[in-house]
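This report concerns only the one structure given below.
Naming convention: chains lettered A, B, ... in sequence-line order (proteins, then strands); numbering from 1 in each chain. Just so it is clear, the values below take in all heavy atoms, side chains as well, and ignore hydrogens, waters and symmetry mates.
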Amino acid sequence: MHVEEKLTAETFPASPEKATLEGKNKFLGFWLFLGGETVLFASLFATYLALRDKTAGGPSAEELFKMPLVFVATMLLLTSSLTSVYAIYHMKNFDFKKMQLWFGITVLLGAGFLGLEIFEFNEYVREGHVFTKSAFASSFYTLVGTHGAHVAFGLLWILTLMIRNAKRGLDLYNAPKFYVASLYWHFIDVVWVFIFTVVYLMGMVG
Amino acid sequence: MSTLARKKGVGAVIWDYLTTVDHKKIAILYLIAGGFFFLIGGLEALFIRIQLAKPNNDFLVGGLYNQVLTMHGTTMIFLAAMPLVFAMMNAVVPIQIGARDVAFPFLNALGFWLFFFGGVFLNLSWFLGGAPDAGWTSYASLSLESPGHGIDFYVLGLQISGFGTLMGGINFLVTIINMRAPGMTYMRMPMFTWATFVTSALILFAFPPLTVGLIFMMMDRLFGGNFYNPAGGGNTIIWEHLFWIFGHPEVYILVLPAFGIFSEIFATFSKKRLFGYSSMVFATVLIGFLGFMVWAHHMFTVGMGPIANAIFAVATMAIAVPTGIKIFNWLFTMWGGNIRFTTPMLYAVAFIPSFVMGGVTGVMNAAAAADYQYHDSYFVVAHFHYVIVGGVVFALLAGAHYWWPKMFGKMLNETLGKITFWLFFIGFHLTFFIQHFLGLMGMPRRVFTYLPGQGLETGNLISTVGAFFMAAATIVLLVNVVITTAKGQKAEADAWGDGRTLEWAVASPPPEYNFAQTPLVRGLDALWIEKMEGKKGLTPAEPLGDIHMPNPSILPFIISLGLFIAAFGFMYHNEYSWGLFVGIGGLLITLGSMFLRSVIDDHGFHIHKEEVLEAEKGVKA
Amino acid sequence: MANQTNTGNPNVDLAYRRKKNAEEMKHQVISFILMIALTLVAFFAVGYDEFSHWFSVPFILLLAVVQVAFQLYYFMHMSHKGHELPALFLYGGVLVAFLTVWAFMTVVWW
Amino acid sequence: MKKWLLNWRLFSLFSVIALLLAGCGKPFLSTLQPAGEVADMQYSLMLLSTAIMVLVIIVVTIIFVYVVIRFRQRKGEEKKIPKQVEGSHKLEIIWTVIPILLLIILAVPTVSATFKLADVKPMNKEKRDKNIVVVNVRANLYWWEFEYPDYGIITSQDLVVPTNERVYFNLKASDVKHSFWIPAVGGKMDTNVENKNQFWLEFDQKATDEAGGIFYGKCAELCGPSHALMDFKVKPLPREEFDQWVEKMKNAKPVVTDSVAKEGEAIFNKSCIGCHAVSPVDNRPEQARTAPNLANFGDRTRIAGVLEHNEENLKKWLKDPDSVKPGNKMTGTYGNLTDEQINALTKYLMSLKVE
């Protein structure tokens with residue numbers, strides 16, 4: 001099957017992300033990358049856990065965190081994970097328009113999350129919780145900020161894919177790209193689940 | 001589009017190498033760059049030994065000595081050993097598994113250029129105010145105190161080249177998992193391929209902690225972070241843990257491919273299949289696995305307490321078991337064989353006693369209570385040089401001689417090769433054996449001098465003499481390379497006549513598509529099986545047809561260049577107002593190139609059947 | 001090709017596949033609802049002062065693990081065929097991750 | 001082939017000769033001549049592990065030499081194809097199980113020694129026995145401070161301890177990480193920046209006598225340009241003499257009689273006293289104690305830890321500290337001194353004695 005071949009719903013394979021060798025490589029390579037990312041975030045988490053009480057006179061986690069904000073952000077990101085599942089669902093059904101639509105919603109939700117995070121950081125900075133204040137601040141901003149950077153990169157990536165492929169529809173060349181981008185998006189969500197648990201919730205109970 | 005047998009100008013050749021995505025050419029790039037850094041690192045080693053030749057010497061004093069010592073370690077590990085290992089992997093692994101290329105040719109090129117620019121960046125420190133001076137381990141308290149930009153070069157340079165290595169690791173994993181020829185099951189893969197597989201997995205999990213550690217150090221030094229700064233609540237031990245969570249697996253990242261290279265050489269020149277192949281595979285995987293459980297044995301004297309020390313001591317000792325299995329398997333591969341002492345085989349044979357020495361001192365170091373004496377003394381210096389030189393460097397030299405005909409199409413001169421070997425072998429033991437005793441006699445590591453009357457003079461002098469032997473060996477090797485390139489003997493496909501694995505079935509050097517027809521693998525040592533059945537070539541698994549090839553691209557070079565520029569910008573952003581702009585500009589170059597890569601479709605091209613036929617005829621004739 | 005063609009009639013196959021996909025989508029929506037519920041429980045457990053933190057910390061960690069399992073197995077299809085190696089390497093990463101966190105919680109204590 | 005053997009023989013001969021020439025190092029420095037309970041324990045662990053490892057090496061070497069000689073290719077055998085052996089479960093089990101047993105033999109004493117060496121319960125502050133000597137070691141860029149908290153005295157560069165009993169140490173660093181190591185007496189422990197490490201050592205009287213009354217101590221962690229020069233000296237004394245020394249230290253005050261030395265004292269009090277104390281009883285907090293205590297300077301055996309103890313060297317050190325210890329913190333803290341001033345200072349410093 002040639003990668004650029006025009007396909008129909010009937011000829012479109014059940015697992016388009018793995019239908020070509022390039023797709024298979026991408027799929028596997030990306031999963032392996034996520035394995036490495038797991039260790040990367042683990043190192044950030046571990047450091048945060050080791051340093052979270054070292055506030056050096058600055059505000060502590062309990063005084064600082066805005067839980068309602070975090071709750072809304074969490075809901076946005078969790079929902080965006082579901083919407084990207086919908087996008088892939090429509091990709092597998094060879095429904096390009098609906099896929100684009102759901103990816104579009106995902107991007108909006110992700111942008112909302114990112115906006116909240118920037119707002120949140122801004123609030124914290126105003127309360128004196130700046131990056132250079134303490135080991136707690138440094139490790140907090142680096143951990144949550146690295147996740148935020150991942151969200152931002154994910155948004156740009158999905159947007160690029162959507163715009164680039166808007167006119168040409170689905171084929172076996174771009175299907176793996178969409179699939180992999182959605183894997184990335186889920187992984188971001190996985191990391192966030194641990195961030196809101198370990199950083200925010202555990203920050204509230206000590 | 002085929003580049004076969006076409007005469008080109010110098011400019012075209014350079015452009016070809018700047019844009020290549022062919023794993024064989026990337027292997028050559030790794031070999032040249034790694035070899036160049038190996039010479040620099042070796043020169044630094046020589047300077048160290050000259051300074052220590054006699055007590056109170058004043059050849060390299062204080063801070064400058066520390067810079068040379070730091071750069072020697074950093075260069076040898078990150079810029080010489082690793083890329084040379086990657087050179088071997090790139091040159092051999094895809095062919096060994098019967099593939100036309102790696103899974104991600106573009107990433108492969110990107111990996112090389114990232115490593116290269118990272119290495120160049122690091123070495124530019126010599127000309128821009130001084131090199132890093134806190135040792136290759138760059139422990140946080142000292143590296144935060146270190147004035148100037150030396151440590152910033154270390155932090156940024158290693159981050160850039162570390163990304164390259166991580167990409168290489170993922171690339172080889174996917175290649176080995178997805179691209180094997182029909183019939184090449186996991187348990188039929190050559191040992192070197194297995195070693196590459198496990199090594200790549202280690203890279204995948206070991207480099208992220210290093211990246212994180214380096215990011216923290218960058219934040220602390222350049223952006224006012226407090227990760228390692230006790231005044232702000234930070235903790236220097238975090239760096240030590242992150243560094244060694246990476247650093248210990250790194251040892252295996254280097255030594256497992258070495259084991260793989262020797263496994264190939266032992267089998268080839270004993271004319272026997274590898275003894276206990278499945279236990280060799282098992283041992284490799286087990287070493288890789290245990291490699292992640294033992295990092296804290298580098299930190300026995302930090303004050304982790306007896307419980308942690310005891311746990312890590314016992315875990316470390318456990319690694320000796322699979323390593324021992326390997327040693328005996330190699331011995332019994334030779335047992336009953338018909339051993340030919342070619343240059344690569346000499347290295348392989350010499351490796352056994354040398355590496356066993358390094359291994360047993362490793363177990364001695366694992367005994368935590370006794371390690372309080374060895375730690376940070378010359379005993380440790382001796383130990384890890386026995387492992388890394390006696391294991392890794394021997395393997396790289398052996399592999400270079402062994403696969404040189406495959407990579408370049410010409411046989412290295414055997415007489416010169418053997419002279420290199422003997423000089424290097426004698427020099428190596430002369431230099432490092434005595435260092436065990438220097439350490440036990442109370443000489444700490446990383447000292448730029450020692451006082452007379454402490455019983456350390458003789459040992460140090462002997463050690464320095466040995467270093468010159470190794471330098472002489474390197475010069476002979478270079479001469480050999482030049483002579484061979486000028487008028488070497490042309491190599492056949494099965495250059496040594498005893499080849500067992502697939503790389504010896506294709507022409508030397510291989511055509512850019514490796515295999516005209518993907519081979520069918522019918523067992524371990526696929527070529528050997530065919531040869532024993534009296535066949536000339538491999539059994540093809542597909543009819544002859546058009547071959548799909550990836551397009552060359554300059555983007556990997558530009559992406560890496562962008563990060564190189566960005567690193568300069570961020571490093572100087574505290575002193576010069578242009579710093580931040582340059583930093584962001586560099587990042588934009590990188591991101592822009594990545595964007596281009598993403599939006600421009602790249603479907604590669606095809607080499608047509610007729611062209612392949614033509615090329616194959618040329619080889620046979 | 002991984003087309004799972006069973007009948008040879010593409011239209012029948014398509015209908016079958018669509019049905020299967022839709023069914024799977026239903027599972028995913030259910031797991032999403034559960035995830036939201038788990039999140040609510042976690043926030044509640046922390047907000048509710050009666051729980052001591054010896055209970056709530058392990059409890060919310062457990063909730064997080066369950067939620068991540070939903071993500072991995074439903075949203076990222078890790079139970080599907082062809083995910084053996086991804087799973088192997090992801091769990092390899094998780095093992096190293098666990099070791100790292102464990103070490104930082106126990107050996108870095110001052 | 002003969003060349004190969006010859007080289008091996010030459011090489012081993014050479015290394016043996018080298019070893020004989022070097023001996024086992026000097027008794028005041030070498031770990032191979034243990035001078036106390038800790039070093040003894042570590043030395044026996046070294047011997048045990050070396051013995052096991054030599055055994056391994058011998059077995060490997062025997063097989064190795066046999067294989068390499070017996071199975072080398074002979075003339076006319078170039079075409080011979082040996083039997084392709086797959087492996088042998090029996091052999092593989094043997095060389096898996098035997099190493100495991102050997103390692104268990106090594107692991108048990110290792111773990112036990114590790115716990116013994118970490119036993120610092122007796123130094124517990126509340127329940128501490130009066131007779132136990134505790135020393136706070138503070139490592140600084142290129143000098144060491146030894147504080148005896150129970151006696152309220154401080155010395156620098158020279159550690160004085162009682163022999164034949166366990167002495168307990170609190171270890172820390174005030175700038176970058178260092179490592180406290182007295183090779184002949186016992187293994188090292190790091191001095192960290194952010195915490196206090198604790199361990200104990202024991203100094204054997206007999207071994208002290210054999211070593212000439214002094215052991216050499218080293219910094220074992222790269223700490224900057226003068227890492228190699230960050231030495232200190234250990235003077236173990238019998239308990240009675242140690243007690244006497246403590247008494248002397250408690251009451252020590254600089255006594256200056258010589259007129260040149262008096263001049264020196266004046267200069268010292270103007271330029272040096274801000275960092276250096278001249279009384280062993282220094283009540284300033286440790287952050288203020290930024291330079292070595294010089295109370296017993298005249299009794300020391302080395303200038304700046306490395307130079308021989310004479311006036312000439314002291315002058316050299318005062319004139320240009322950086323030429324002796326690159327990167328030290330004293331350089332540039334006082335203005336240029338004339339030769340006369342240096343002479344005066346030297347006289348004064350050399351007169352600072354406790355014993």
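For the atom pair D:Phe71 CZ and B:Lys272 NZ, the distance stands at 8.0 Å (nearest 0.5 Å). Here the CG-CD distance, from B:Leu274 to D:Glu86, works out to 11.0 Å after rounding to the nearest 0.5 Å. Atoms CE and CG, from B:Met443 and D:Leu29 in turn, are 10.5 Å apart once rounded to the nearest 0.5 Å. Rounding to the nearest 0.5 Å gives a distance of 4.0 Å between OG of D:Ser49 and CE of B:Met364. With rounding to the nearest 0.5 angstrom, the OG atom of B:Ser377 is 5.5 Å from the NZ atom of D:Lys188.
Heavy-atom pairs under 4.5 Å with chain B peak, among D:Gly224, D:Ser226, D:Ala39, at D:Gly224. Among D:Val56, D:Leu106, D:Leu48, the residue with the largest count of heavy-atom pairs under 4.5 Å with chain B is D:Leu106. When each of B:Val314, B:Val356, B:Thr236 is scored by its heavy-atom pairs under 4.5 Å with chain D, the top score falls to B:Thr236. Each of D:Pro326, D:Ala220, D:Ala118, D:Ala113 has some count of heavy-atom pairs under 4.5 Å with chain B, and the biggest count is that of D:Ala220. The most heavy-atom pairs under 4.5 Å with chain D, out of B:Thr333, B:Val363, B:Asp371, B:Asn309, come from B:Val363. Contacts with chain D were tallied for B:Asp58, B:Ile325, B:Asp525; B:Ile325 has the most, counting heavy-atom pairs under 4.5 Å. Contact count against chain B (heavy-atom pairs under 4.5 Å) is highest for D:Val176 among D:Val176, D:Leu102, D:Ile182. Chain D forms more heavy-atom pairs under 4.5 Å with one residue of B:Leu440, B:Asn66, B:Leu64, B:Leu438 than with any other, namely B:Leu440. In terms of heavy-atom pairs under 4.5 angstrom with chain B, the leader among D:Gly327, D:Pro99, D:Ser179, D:Ala107 is D:Ala107. Contact count versus chain D (heavy atoms, under 4.5 Å) is highest, among B:Ala310, B:Gly337, B:Gly135, B:Ala368, for B:Gly337. Of the listed residues B:Val61, B:Ile327, B:Asn329, the one with more heavy-atom pairs under 4.5 angstrom with chain D than any other is B:Asn329.
Environment of CZ in B:Phe328: crowded, with over 12 heavy atoms of neighbouring residues, nucleotides or ligands closer than 6.0 Å. B:Lys531 NZ: more than 12 foreign heavy atoms inside a 6.0 Å radius. Atom CZ of B:Phe282 is surrounded by 12 or fewer heavy atoms from other residues, nucleotides or ligands within 6.0 Å. Heavy-atom neighbours of D:Lys196 NZ from other residues, nucleotides or ligands within 6.0 Å: at or below the threshold of 12. Other residues, nucleotides and ligands contribute only 12 or fewer heavy atoms inside 6.0 Å of the CD1 atom of B:Ile307.
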Q: Start with the C-alpha gap between B:Trp528 and D:Ile81, add the side-chain angles, then the distance that decides, and say whether side-chain contact (heavy atoms from CB on, under 4.5 Å) holds.
A: CA-CA 11 Å; B:Trp528 183 261; D:Ile81 303 288; 3.8 Å; yes
Q: Dump the intermediate steps for side-chain contact (heavy atoms from CB on, under 4.5 Å) on D:Glu92 and B:Phe275, then the final yes or no.
A: CA-CA 10 Å; D:Glu92 285 166 40; B:Phe275 189 89; 4.1 Å; yes
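Between B:Gln373 and D:Val38, every side-chain heavy-atom pair lies at or beyond the 4.5 Å cut-off. Annotation: side chain of D:Thr31 is not in contact with side chain of B:Tyr374 (no heavy-atom distance under 4.5 Å). A 4.5 Å side-chain heavy-atom check between B:Phe448 and D:Leu229 finds at least one atom pair inside the cut-off. Counting heavy atoms from C-beta outward, B:Thr361 and D:Met53 have side chains that stay 4.5 Å or more apart. At a threshold of 4.5 Å between non-hydrogen side-chain atoms, the residues B:Trp335 and D:Val85 do not count as touching. Under the 4.5 Å side-chain criterion, counting only non-hydrogen atoms from C-beta, D:His227 is in contact with B:Arg446. With contacts defined as side-chain heavy-atom distances shorter than 4.5 Å, the pair B:Arg445/D:Glu221 does not qualify. At least one side-chain heavy atom of B:Tyr139 sits under 4.5 Å from a side-chain heavy atom of D:Lys177.
At a 4.5 Å heavy-atom cutoff, the contact between B:Ala134 and chain D is made by backbone atoms alone. Residue contact with chain B, scored on non-hydrogen atoms closer than 4.5 Å, is absent for D:Tyr43. Only the backbone of B:Ser270 comes within less than 4.5 Å of a heavy atom in chain D; its side chain stays farther off. Only the side chain of B:Pro230 comes within less than 4.5 Å of a heavy atom of chain D; its backbone N, CA, C and O stay farther away. Within the 4.5 angstrom heavy-atom criterion, atoms from both the backbone and the side chain of D:Thr96 approach chain B. Residue D:Phe199: no heavy atom, backbone or side chain, is found under 4.5 Å from chain B. With a 4.5 Å cut-off on non-hydrogen atoms, D:Lys80 touches chain B through its backbone and its side chain both. Of the atoms belonging to B:Met280, not a single heavy atom falls under 4.5 Å from chain D. Within the 4.5 angstrom heavy-atom criterion, no atom of B:Trp330 approaches chain D. Of the atoms belonging to D:Leu222, heavy atoms from both backbone and side chain fall under 4.5 Å from chain B. Contacts of D:Gln33 with chain B are absent, with no heavy-atom separation under 4.5 Å from either backbone or side chain. Residue B:Gln454 touches chain D through both its backbone and its side chain, counting heavy-atom pairs closer than 4.5 Å. When heavy atoms are compared at a cutoff of 4.5 Å, D:Ser44 does not approach chain B at all. For D:Asp119, no part lies near chain B; criterion is any non-hydrogen pair under 4.5 Å.
Minimum interatomic distance between D:Asn192 and B:Ile237 (heavy atoms only, all atoms of both residues): OD1-CD1, 4.0 Å. The two residues B:Arg273 and D:Gln84 come nearest to each other via the heavy atoms N-OE1, 2.8 Å. Closest heavy-atom contact between D:Leu45 and B:Ala367: CD2-CB, 4.3 Å. Nearest heavy-atom pair across B:Ala320 and D:Leu103 is CB-CD1, 4.0 Å. Shortest non-hydrogen contact noted between D:Val67 and B:Ile339 is O-CD1, 3.9 Å. Annotation for B:Asn338 and D:Glu77: closest pair ND2-O, 2.9 Å, computed over non-hydrogen atoms.
Between B:Tyr372 and D:Trp181, the ring centre distance reaches or exceeds 6.0 Å. B:Phe332 has its ring centre less than 6.0 Å from the ring centre of D:Trp95.
Looking only at atom types and distance, the side chain of B:Thr301 has a donor-acceptor partner in the side chain of D:Asp190 under 3.5 Å away.
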